[in-house]
Amino acid sequence: MRIKTTLAALVALCALPISAQAAEGTFDSNGVKIRYVTEGQGEAIVLIHGWMSDSSMWGRDAATGETKLTPLEGFQAIALDCRGHGKSDKPYEPSKYGAEMAEDVVRLLDHLKIKRAHLIGYSMGAFIAGHVAATHPDRVISVVYGGQAPLIKEVSSLKFGEVDLFAKAVEEGDLGSYIMAVSPDDKPKPTKEQADAYAKFLYGKKDVRAFVAAGRGFKDLAVSVDDLKKCKAPTLFIYGGNESDYVKNCVSAARKVVPNHEVKIVEGADHMTTLTKPDFGAALVGFLMANKGK
């Protein structure tokens, strides 16, 4: 669920960049300010980032660090800062997250007067996209579940150990311990000093209490099998070949439920590196182009 990389691969594969000026805006989503960035013209693509990230995950200006999108020709790219993240409002009550994060996507479409959109969600973004697909199937042209799958009440584990670890670290004021706990077992573990320094770099200017609240709300993004089956939109599951067994099992369970889907495995990539691989961007571009106009 931790996403710190940018989607440079997708940007690099956009052969015909759009010259239209990027637009940044905000809107009121049931009392919570949501910030978004748009670029290009055409069919809408809503980009939904991962936990503890923001819209700049999908493209970042090297000079300013601000979100910068380069869409495909014939598409309008729309990236939002999910509530609790980026420049959107950051409530501290878990009840303000969950299903409300999915409704933010629908309200964003309403705000922009867009009837239907392609959804691309990575990690937490996949949970959100899955809830939109299940509860508002008429608003979805296609959906991509990257590095995760929709949460399904009947088959998904709704226990989030990583959220619990992070919450405990925040409560104790020791985010370095969280970094050490989630470091991959097949790589050298950082020292406590290194972990503390990395935690300060990652979270020193972030509202970690809002991250905890968002994570606590994940369980309320779960949908039923029957509702998820209502979405007949073309679907792509894409994840790294070195992804965790937890993610692979979630995808496997969802594939038994989601109709009209295909799968792409990015070989040699894990949860953190899948986004940076050319195969990831190529798969997204191919899938979007194949489903344009549907």
Side-chain angles (χ1 to χ4, degrees), residues 1-27 34-88 101 104-105 108-109 112 114 117-126 128-129 141-148 201-202 205-206 236 238-240 264 266 269 271-289 292:
M1 287 181 287
R2 304 178 308 281
I3 307 299
K4 303 294 181 291
T5 54
T6 61
L7 189 50
L10 178 57
V11 173
L13 283 158
C14 294
L16 296 172
I18 303 299
S19 59
Q21 292 295 312
E24 178 179 352
T26 63
F27 71 100
I34 301 295
R35 179 252 190 180
Y36 63 92
V37 174
T38 71
E39 179 85 37
Q41 297 178 348
E43 288 188 4
I45 306 168
V46 180
L47 302 162
I48 313 170
H49 63 75
W51 187 42
M52 297 195 282
S53 187
D54 57 45
S55 59
S56 68
M57 189 190 89
W58 303 104
R60 181 179 294 131
D61 185 283
T64 65
E66 293 295 318
T67 304
K68 183 177 181 180
L69 305 176
T70 305
L72 290 170
E73 184 178 26
F75 291 91
Q76 178 187 21
I78 307 164
L80 76 160
D81 287 340
C82 295
R83 58 176 62 203
H85 300 73
K87 296 180 181 179
S88 291
M101 301 184 86
D104 289 339
V105 174
L108 174 58
L109 294 179
L112 295 173
I114 295 170
H118 302 271
L119 305 181
I120 300 178
Y122 197 88
S123 198
M124 176 189 78
I128 296 170
I141 302 172
S142 73
V143 58
V144 176
Y145 299 116
Q148 251 302 346
F201 171 75
L202 289 178
K205 297 181 180 180
K206 303 292 180 67
L236 172 66
I238 182 168
Y239 61 92
K264 169 65 179 178
V266 181
H271 197 72
M272 298 295 290
T273 61
T274 295
L275 286 154
T276 67
K277 301 296 184 181
D279 283 356
F280 181 81
L284 290 191
V285 170
F287 181 75
L288 289 168
M289 295 303 294
K292 189 173 185 291

Practice problem: Calculate, to the nearest 0.5 Å, the distance between atoms CE and CG belonging to M52 and D54 respectively. | Solution: 12.5 Å

Self-check item: Heavy-atom pair of closest approach, residues A126 and Q148
Solution: CB-CB, 3.7 Å

Self-check item: Atom of R83, atom of S88 and distance for their closest heavy-atom approach
Solution: CA-CB, 4.2 Å

Quiz item: Name the one of I48, L47, V143, V46 that satisfies side-chain contact (heavy atoms from CB on, under 4.5 Å) with I120?
Solution: L47

Quiz item: How long is the gap from CG on L80 to NE2 on H49, to the nearest 0.5 Å?
Solution: 6.0 Å

Quiz prompt | Nearest-0.5 Å distance, CD1 of residue I45 to CD of residue E39 | solution = 12.0 Å

Self-check item: Heavy-atom closest pair, residues A283 and L236
Solution: O-CD2, 4.2 Å

Quiz item: So among T26, D104, V105, which one has a side-chain contact (heavy atoms from CB on, under 4.5 Å) with I34?
Solution: D104

Quiz item: Given S142, which of K292, E43, H118 fulfils the side chain to side chain donor-acceptor pair (under 3.5 Å) condition?
Solution: H118

Exercise. Side-chain contact test, heavy atoms from C-beta onward, threshold under 4.5 Å: evaluate it for F27 versus L108 and give yes or no.
Key: yes

Practice problem: Specify the closest pair of heavy atoms between I78 and A44, including all atoms of both residues, with the distance to one decimal. | Solution: CD1-CB, 3.9 Å

Practice problem: Specify the closest pair of heavy atoms between A79 and S55, including all atoms of both residues, with the distance to one decimal. | Solution: CB-CB, 3.8 Å

Practice problem: Any chance you could measure L69, atom CG, to T38, atom OG1, to the nearest 0.5 Å? | Solution: 8.0 Å

Self-check item: Residues H85, M57; criterion side chain to side chain contact (heavy atoms under 4.5 Å, CB included); working and verdict
Solution: CA-CA 12 Å; H85 300 73; M57 189 190 89; over 6 Å; no

Self-check item: Gap separating the NZ atom of K87 from the OG atom of S56, nearest 0.5 angstrom
Solution: 9.5 Å

Exercise. Give me the ring orientation class for Y122 and H271: parallel if the planes are under 30° apart, tilted from 30 to 60°, perpendicular past 60°.
Key: tilted

Quiz item: Going from CG on L275 to CH2 on W58, what distance comes out if it is rounded to the nearest 0.5 angstrom?
Solution: 6.0 Å

Practice problem: Search all heavy atoms of L288 against all heavy atoms of F75 and return the closest pair with its distance. | Solution: O-CZ, 3.6 Å

Quiz item: Is any NZ, NE, NH1 or NH2 atom of the basic residue among R35 and D81 found under 4.0 Å from an Asp or Glu carboxylate oxygen of the other?
Solution: yes

